[in-house]
Every structure is written in C-alpha cells, then in structure tokens.
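Worksheet for the structure shown next.
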Amino acid sequence: MARIELNDVSKSYGAVEVLRGINLNIADSEFIVLVGPSGCGKSTLLRMIAGLEPITRGDFLIDGRRMNDVRPRDRDIAMVFQSYALYPHMDVGRNMGFSMEIRKDPAEKRKSKVAEAARTLGLSNLTERLPKALSGGQRQRVAMGRAIIRDPRAFLFDEPLSNLDAALRVEMRLEIARLHQRLGATMIYVTHDQVEALTLADRIVVLNGGDIQQVGSPLDLYERPANKFVAQFIGSPTMNVIAVEGGETGVTTRNGTTIALPHLPDTGHAAELGIRPEHLDVVDAGQGDITAVADVVEHLGSDTNIYVNVEGIGPLMVRKHGNVPARSGDRLSLRVQPEHAHLFAADGTALRPAS
Ligand code: ADP
Ligand code: MG
C-alpha cells in the first residue's frame, strides 16, 4: 500500500491559481477525506494525484518516490468517479475486468479476480448484466469493483455517492468503510457532505478557495475548529455564530446580554461567539443567558429542533435530544454551555481554550 506526500503543491489554470501550496502527509492505510464547498479544488487535487492533470508547482511522492511525471497508469492508483463511467456495451464482469484485459492478463486469472470482487461487492448474480439494467447503487458498486480488481496502492474517490438517493448513500457509505477495513488500502475520498466526512475519515482535510483550512480527526475538527469557516462547515446542524464584544471574563452580545466564559482565555479579543445547536440548553425562565422566541419547532422524535429569534441578535437554532414540549411563539430561556463555547477573532481565527 502507499504513503502519499504532497509538498507545496500548487495548481494554476492560466493566471488563476486554484490550489495554493498544499502540504499533506498521508500515512499508509489512512482514510483521508477532502471536504469543502463546490469549486474549492477538491477534484483538481485528486486528478493531480491520479495523473489526469499536471501539477503546476511542488512535489507529489508515493512511498518517498517523486511521481509528478509518472504516467497515470504507472502510478498504481485507482479512481472512482461520481459518474461511474462504465462501458455501456460491456457486461458487469467485463467492465470490472477490463483493466486486466488491456494488460493482457490470462483469462483464468481475470475470471477469478472478477469473481472475487463481485463477491466482495454483492454483485455475483449480476456479472452478465449490462450497466443499463442496473440500479444506481449497483453501477456504483461495479465502478468500485473495477478499482478493486487492479489491487492499487491507493484508491481515490471523487464524490462517489452524490448520485444516489439518501438511503442508498448511507448503505454505500458503510460498504466503503468495510472495504477500507478489509483492504487496508490508502484512500482519499472527496465529498461536500460533511456527514460522510465525519463518519468515514481517519483525518479530514478542510479546503476552501484553494487553501487547506485545517487537517484533523473528525472530533478534532468538531471540538477544536481552527477558524469560523471550519466551525460552520463541520457539524450538522450548522454552528450558530453571533457578533459579540469581548470583555475580561466573558462576552457581551449586541442586545447587551453578558455571557460569562471564565475558563476561556483571550475573551477580550473575541468578535464572535460560536455555539452549536446541541450546546444551547432550554432552561427555566430567567435562568438562561439569552431570552428567545420560538419561531418554528420541529419534533423529530429522537430530537427537537427549535428555530428561535432573539431580539438584537437574530435567528439561532437549538437542538435537544428527545421531545421538548416547546411551541411556536413560546418565550424560551437559553443557556450557553460555556465549556462548548467557541470564540473567534475579527479575522475568523478561533481563540483557543488554554489546554
Ligand atoms: P471542486 O471539486 O472542489 O468542486 P474543482 O477542483 O473542480 O473544485 O475546481 C476548482 C477550481 O478550478 C474551480 O474554480 C474551477 O472552475 C477551476 N477549474 C477546474 N478545472 C478547470 C479547467 N480545466 N480550466 C480552468 N479552470 C478550471
Ligand atoms: Mg469536484
């Protein structure tokens, strides 16, 4: 398998730099997820690793060997796309084994590899079908089978599940997690879906506008986002962020409410307070930090989502486990769980708790 290094890798299209000085060390067998909004450079980075796109500047190494100028097929990397890209006139078995056919591997070997991959992916009964007679999920499995058969040193996935419906996406996500456990291969997985990122990744790389914002484990990013962008990109529902003025041992909101955050250093430099919907408590009248009026209440059974408005602050979202008997129009007292508060400086940088 493979250790992958990106040293100061940049990409320009003409005068436009779409990736800037990317530095990343990926360990052997690691599952790395690249996330970020559309257009931030995720696919471009994968395509450079696969060799489908030249690297403008910097070095790309596999197991210590520079690969910038190695031909795609000699990189020993398999890529799975969102669009499956199956050959319509070939049946499932031939689609999966086609790379071995091109390499002129013996037919017997090819047959046994195809059978093995089909078994792994639950496609054994479908090897003689044409792609047009398959569901979206089955086509995506064939595309994965085609990658597995090559025994690559690394797998690259570019939003492989985006074309599937929600239920199938969850199922395929689990399958990819199992595949990684079974093969122990290095995987780089691109998605704009932060739930996929949080559930699959050993480490997540958050990209925005061609720059790495943060690299860390899912919990690292959730608990200690480096800046407001990461804080709001990771975690669902999205973190609430409100403008505040920093004080000595806490912050003051625009409507004059003071929230004590004695354990946080540097409160004086705070420009914004971040608090996740699950870290706001609904407490008895007068006991909370913020008085809010419930706008919309969603009873999901397992959770209650409460969208509130706070005069002088704006809309916030609260999420609580179980059923909270709140109704639209109710006045609610909300308490900020101080140990889960995040503070951001004016430039969006997180002000860290002393640890
Ligand atoms: P993502 O996959 O994160 O949505 P991409 O890597 O596809 O983003 O694209 C990153 C940026 O590079 C975008 O602004 C896109 O318009 C630009 N880009 C991608 N491919 C080309 C190309 N062949 N020529 C010019 N610009 C491109
Ligand atoms: Mg893309």
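Both ligands and their constituent atoms are indexed starting at 1 by order of listing. Owing to the predicted nature of the structure, the values given are computational and were not obtained by experimental measurement.
- Note on ring orientation: taking the six-membered ring where Trp is involved, the planes of His180 and Phe31 are perpendicular (angle over 60°, cut-offs 30° and 60°).
- Side chain of Thr127 to main chain of Gly93: no donor-acceptor pair is present (N/O by atom type, distance under 3.5 Å, no hydrogens or angles).
- At a threshold of 2.8 Å, the Mg ion (ligand 2) has no backbone or side-chain N, O or S atom of Ser38 nearer than that distance.
- Only one option out of Leu332, Val296, Leu316 pairs with Ile306 in a side-chain contact (heavy atoms from CB on, under 4.5 Å); it is Leu332.
- Separating the CD1 atom in Ile55 from the CD1 atom in Ile22 is a distance of 11.5 Å, to the nearest 0.5 Å.
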Is there any protein N/O under 3.5 Å from an N/O of ligand 1, and what does the full list of such pairs look like?
unit_1: ligand 1; atom_1: 2 (O); unit_2: Ser43; atom_2: N; d: 2.9
unit_1: ligand 1; atom_1: 2 (O); unit_2: Ser43; atom_2: OG; d: 2.8
unit_1: ligand 1; atom_1: 3 (O); unit_2: Cys40; atom_2: N; d: 3.2
unit_1: ligand 1; atom_1: 3 (O); unit_2: Gly41; atom_2: N; d: 3.0
unit_1: ligand 1; atom_1: 3 (O); unit_2: Lys42; atom_2: N; d: 2.9
unit_1: ligand 1; atom_1: 3 (O); unit_2: Lys42; atom_2: NZ; d: 2.9
unit_1: ligand 1; atom_1: 4 (O); unit_2: Gly39; atom_2: N; d: 2.7
unit_1: ligand 1; atom_1: 6 (O); unit_2: Ser43; atom_2: N; d: 3.4
unit_1: ligand 1; atom_1: 6 (O); unit_2: Thr44; atom_2: N; d: 2.9
unit_1: ligand 1; atom_1: 6 (O); unit_2: Thr44; atom_2: OG1; d: 2.5
unit_1: ligand 1; atom_1: 8 (O); unit_2: Gly41; atom_2: N; d: 3.3
unit_1: ligand 1; atom_1: 20 (N); unit_2: Tyr13; atom_2: OH; d: 3.3

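- Judged by distance alone, the side chain of Lys42 and the main-chain N or O of Pro37 form a donor-acceptor pair under 3.5 Å.
- Separating the CD atom in Glu278 from the CE atom in Met239 is a distance of 8.5 Å, to the nearest 0.5 Å.
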